[in-house]
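Notes follow once the structure below has been shown.
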Amino acid sequence: MSRTSGLLAAAGIDKRFGANSVLRNVSLSLAPGEVHTLMGENGAGKSTLFRILAGIHQPDAGQISLDGAALDLRNPSAAYGHGIYLVPQEPALLKELSVAENMFLGMLPTRGRFPSRIDWKTIRGQAQDALSALGLDVDVRDDAKHLSIAQQQLVECAKALLRGCRIILFDEPTSPLTGREVGILFAIMRRLRGQGCTLGFISHRMEEVSEISDRVSVLRDGAVTDEVGRDGFDRARLVRAMVGREVIFDRRRVRREAQGEPVLSVRGLAHAPVFSGVDFDVRPGEILGFSGLIGSGRTEIAEAVCGLRAKSGGSVMLAGRDISTSSIGDIIEAGLVYVPEDRARHGVILPMSIRDNATAGQIGRLQRKSGILNRGREIAIANDTMHRYQVRARGIDQPAGQLSGGNQQKIVFGKWMSTNPKVAILDEPTRGVDVGAKDEIYRLIEELSAQGMAIVVISSELEELIVLCDRVIAIYGGKIAAELKGADVTAARVGAAFLGAEAH
Amino acid sequence: MNSAATATSEPGHRAKPRPRRRELREVTLLVATFVVVLGVGALRPSFMSFSNIEFMVLSSVVLGLVGISQTFVIITRGIDLSVSAVLGLSAMVFGLLSTTSSMPLWQVLPLCMAMGAVLGCLNGFLVAWLKIPPIIATLGTYSLYGGLTFIYSNGLQVDQVSPDFAAFGNGNLIPFLPVPTPVLALIAVATAAWFVLNHMKFGRNILAIGNNAAAAYNAGISVRRTLLAVYTISGALAAFAGLVFVAYTGSATATTGTGDHVELQSIAIALIGGTAIAGGRGNLAGTVIGSVFLSVVITALVFLQVPAIWYSAGEGLMILAAVTLGARRSSNP
Amino acid sequence: MKPLIKMLLVSASLGAMATAAHAQMSIDTSKTIKVAMVPKLIGLSVFKANEQGAIEAAKSLNINFLYTGPVTASAQGQVDIINSLVARKFDAITVTSNNPTELAPSLKRAMAQGIAVVSYDSDVSPDARDFFIQNTAYPAMGKALVDSVEAYAGPNAQVAILSSTPDAAIQNAWLGAVKTYMAATYPNMKVVTTQYGQSSPSLSLSAGLNILHAYPQVTAIIAPDGAAEVGAAAAIEKLGMQGKVFATGASDPNSIRQYVKDGVIKASPLWDEVGEGKLVMYVARLAANHALKPDDTFTVPGLGTYTVNNKVIIFSEPLVFTAENIDKYNF
Amino acid sequence: MKYLFPRQPWDRALVAILVALFSGFCIFTPGFYDGFHGTLAITEEFLPFGFVALGLSVVILTGGIDLSVGSISGLAAVIMAILIKSYGLNTWLAVLLAIGAGGGLGWLNGQIITRLRVEPLIATLSTNFIYSSIAIALAGASPPYGFGPAFGELGTGALAGWVPVQLVIFIVLAIGFSGLITRTGYGRRLVMIGYNRDAAHYAGVSVASVERRAYCISGIMAAFAGIVLASYYDAVRADMGDILLLTSITMVVLGGISIFGGEGGILGVTLAVMILGVLRQGMLIAGFSDMVTTMLIGAILLSSIAIKNLFSSRGFDLGSIIRRLSSLRPPERMAPRS
């Protein structure tokens, strides 16, 4: 652990991926004992910059230096050698291997000469100690596949410390975490900072940024647009630096008490042990919030309602029709859609064109009797999506993978909305989305609701639920723990539902 | 499919200590083997005779050796279809050298294994450097190496091998211990493979790559070199299996190995043994017992007077059963 | 013992007759012709022995000789090769077929283009070749196999059959002859099982061992296939059952020499593959010269006089290899 | 018809290779060019591989594989032969039933893969063993042969005396498959599954049913290839399909269909069928032995994928070739995202 002070600096970094210029002449320096946050819109190049600092990517131009000495980071292990460690957004622990082995991956200690055996005892002991030091109570002999994402992130922190790394970069660690988990992570970050570590941090959440950061740098379109110290934090200024314009975001929707027959009605939905006894209704024009921790069963419930996941019991009625046993295709056809939270895995098919992606939810309708697709309608739908959601692209035949994350998200949104659903379930619609795009998405949701669509928003962000929803259902342990409506939907009450749920 | 959403415990404390699921496929297989031996033995007592049991074990050695290297390759999410061609070439080289030259066993053996290693190395290069999917890369080299065997043999075949070679294939290495040398060789190789996989860095790197090659690379493991080594070992072991084959049977033709579909059978026993085709997890003991099990079942079919044409169907059903049973057990989160 | 001795005498006298024959036909060898020999597959020594004889004969017959075949015993592979030979304008194609019917269309096409087609060893459909050289008459082979079993395992022998594949034409013809002759001559002899070695040494050995384990009453194995006979003999030797179980079959002497000397195989009928290769070239030359009629006789120097009977030429009576004579043959 | 013209660089490269090969053989190999009809008739020797390759393409587009095509074609041919010879069925009815049987066997593959959730590689490896056992059992000691001249036209006949029937059928089927994949809803779903099965599932595609149909199509094409072979040889054998698998996979992969699914098209496969067929027949006529040809096909398979991997999505210009060859770092696959 006898490291240098650890001033990590990048100067004049350029990076291109194929035809995409991701970083242009970016300079950044991370000082020891500070938490330096990187903010920016999707596609601004934040992750790429961190990956370059961690040796995963190599810059096309520019220089990285540590305490003034130039570094050649040709691969991640070179970075470890200099004490630099990147905690990825989605920790890549090896599922079938034990936690202890994961922590020592690539540096397993051995004993004996030839054949030198792996020293499992030391590994287990040191791994357990390192986790205990971070306050994580996990059996290190357990397979990594049994850990939650939050646990995995803490294991990643412990990995960094085990490698003697004093410069730890966190690539958007908090987006999959709940508030309580974020608290634990921040406590650990503070402790590391106190020990003189250099910490890099990426986040979209303004509260988190102001809570933890000592310094913030803002990236826009691959270039640094602003850098502020702790005393200069100003929400409006940071947002302006990110999006390049003023954004008003303390907007609040007029809450309505939707009337009329429920368009979606769920009774006794169950799939032990994940969730059970789930009853709820949604009415046309209503925005219903689903709050809950990751792992509370909210995503599973939504997927079961939409036919994406098996259920052991219960009924789902859509506009008076029983769809509990229908296939996903039929459910979409009947007017219920689920917009998944994991865009890259479930939402967009990167190598396919915008046209193919935008029409992917309604292939059945585009088919003529002969089975041949109606090309004209496909083009019309794709153009309409491009236009309505203001997708920035060369044309509808451009592969979706060439677009920025925000534009991909718009196509995902448009893909399901163009099927003209009666009910839409949006799972974390703003996850990993920057402030400017968030605002646009809120506006879209309200617009659709005003047109009479029933919308369910699943979110772990308190603010989002309060800004958007007419009614909020709190899910805990696979059950509906509380329901709030009308004037009850306040920060205090929704927050209490979280806390109340946790008290169980 | 939805693994991202299945994490249910919170940080800081574990809801319940999870029972650590370890499927003990090798135990299941061992029990199944005994059941078959006892069951068929009850109907046909000669099935349980020492010589028949020795034969069943002995006839699984060649496949077992190839199965071990195939297990390593499958752990890396790969597959090696060229093993049968390497086996055939090595059998031919070994057999012809033993009859046409006066090279002693201890010279021919390393020579053949080195040749197998070189051929395996080419596979590794194709997979690790040129990024050719393993199934395609080894399909291509299967044709190439098979062709080499024909060119090398030039239409000749091996009908018998010199006595010391034959002794290697049939004799007992240790006097008074009634275990034939090939079985000892298999036990030695299997033990070494187990040690490498569980107690050496190289073995753990193989597992790490099978789990997530990108993460392994980021952790400083040289993915390409490890893959190269795995395919090289696969080639060397296949060549060794070829030697055992010739020494045991005393014969080799240009279609040895490829004609017997050793590549498919070695994959089959690895899967029967509980190795996951998706990589990251391997069961060496299962592979070895799987090869014995396969040989026992096929022999049992003979004893039960099932017509010979149905043996391969039995093999197919067995693979299906093994794989579906495995899927049942591991599909629970 | 009797039938075997008789048989040996017959084959010996046949050889004597051949050398005594003088009537020699003059063969027109003025023009060089291209003749191909297509075995079932390349890489088997029995076919290699044919090639050895053919090469010798080709020199004296002014034949431009080519030996080519598929790498696996597939009819499709042979068809591809035959088609290419047709395109390359060969004068004669000689072939031992993996399947009598699958080769027929392409051979007929060859004949339509004036190419002489001679089949040997395994026949094709009669309308798809000019002449067929049969190794040895099927009944004779069946008789030789059964007689060698009777000679060493007695008339009450329990016989196991180890063949190549269920649909191997020539093996099935021999086995048919074996069963007919057995039923007629030794009613107490019984076939207890039929297994297949797929012409693979390892599978044949496994099948042989399986037979010996699963059918302890077996006293003789008839394995009318090169790999199968070796497998059966190796299995008997491995289990130390020399003298209790006898193997016989159809394999070249080099493959079984060791087993014949060890006494596992006492007598194994085949024919002189090298001589057969010579005869194939002679018939190919004659057919290409249009000098042979469907029913005819001709003489080959060093081999003897042959009768063509409805386009079929029988090469010889079975040649039975025993410990005494096997060292005279090297193929 | 505009979409039939090769637009992908890979397809263009294949066209160039085909033209070069064909003209090379015509010029340098005596006997290869045998009049217009004679040269066209060469296609009869390899189009059964092409039929299998078309069906396999569909399966490989979903990211799967079908190792049982060989035994399906053998079994289907045996079934047809038995229906004709032992049950005296009308030839064409027997053909239809055999193709149906092939579809059924493929459907069974699909059931095993989707219902029992067995990897396609393993599932079809197992059924390959099972189907071939059944075929051998049905075929018996002397498989039937001789199905009459009308049936023989399928494998060896020529329309108007000069265009082989097989070639006509192949072209029709290739156009049909191309349309199926690029123009129909089924094809769109197929490609979606190949690229990203989860996303296809979330978009309402019934992944399992699309896959089942893919294996069914593969089985039908394999059975058809078996029947064409039966017609060509006027005989059947249980193992007559064994040689189909490796070459057909090579054709599909050389044709540019990614073994991981999603990417590629039928035009490339059609070209690859022609290239490998012409190459094999040309080499044989040029006097190369069977094994050299087999080795060469293996080498082509390897080099084509290696070339594709080295230069994929980077065009074929010299600069990129040098860059790729000089850099030994693993390609950065991850798209930039922050």
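If you're wondering where the values come from, they're calculated on a predicted model, not measured in any experiment. Sequence lines set the chain letters: A, B, ... in the order given, protein chains first and strands last, and positions in each chain run from 1.
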- Message: Using 0.5 Å steps for rounding, measure from the OH atom of Y217(B) to the OG atom of S77(A).
- Response: 7.5 Å
- Item | Atom CZ of R111(A) with >12 non-hydrogen neighbours under 6.0 angstrom | yes
- Task: For residues L105(A) and A208(B), report the shortest heavy-atom separation together with the two atoms involved.
- Result: CD1-CB, 3.5 Å
- Task: Keeping the roles fixed (side chain from W120(A), backbone from N198(B)), state whether a donor-acceptor pair exists under 3.5 Å.
- Result: yes
- Report yes or no: does Y80(A) contribute a side-chain atom to a donor-acceptor pair with the main-chain N or O of N218(B) at less than 3.5 Å? yes
- Item | Closest non-hydrogen atom pair between I118(A) and R204(B), with its separation | CD1-CG, 3.1 Å
- Distance col, row H199(B):NE2 vs D119(A):CG, nearest 0.5 angstrom, shows 11.0 Å
- Relative to chain A, which segment of N205(B) carries a heavy atom at a distance below 4.5 Å: side chain, backbone, both, or neither? neither
- Under 3.5 Å, side chain of N212(B) to main-chain N/O of L94(A), donor-acceptor pair present? no
- How many angstroms lie between atom CG of N211(B) and atom NZ of K95(A), to the nearest 0.5 angstrom? 8.5 Å
- Item | T110(A) versus chain B, the contacting section by heavy-atom distance below 4.5 Å | side chain
- Item | Q153(A) portion near chain B, given a 4.5 angstrom heavy-atom threshold | neither
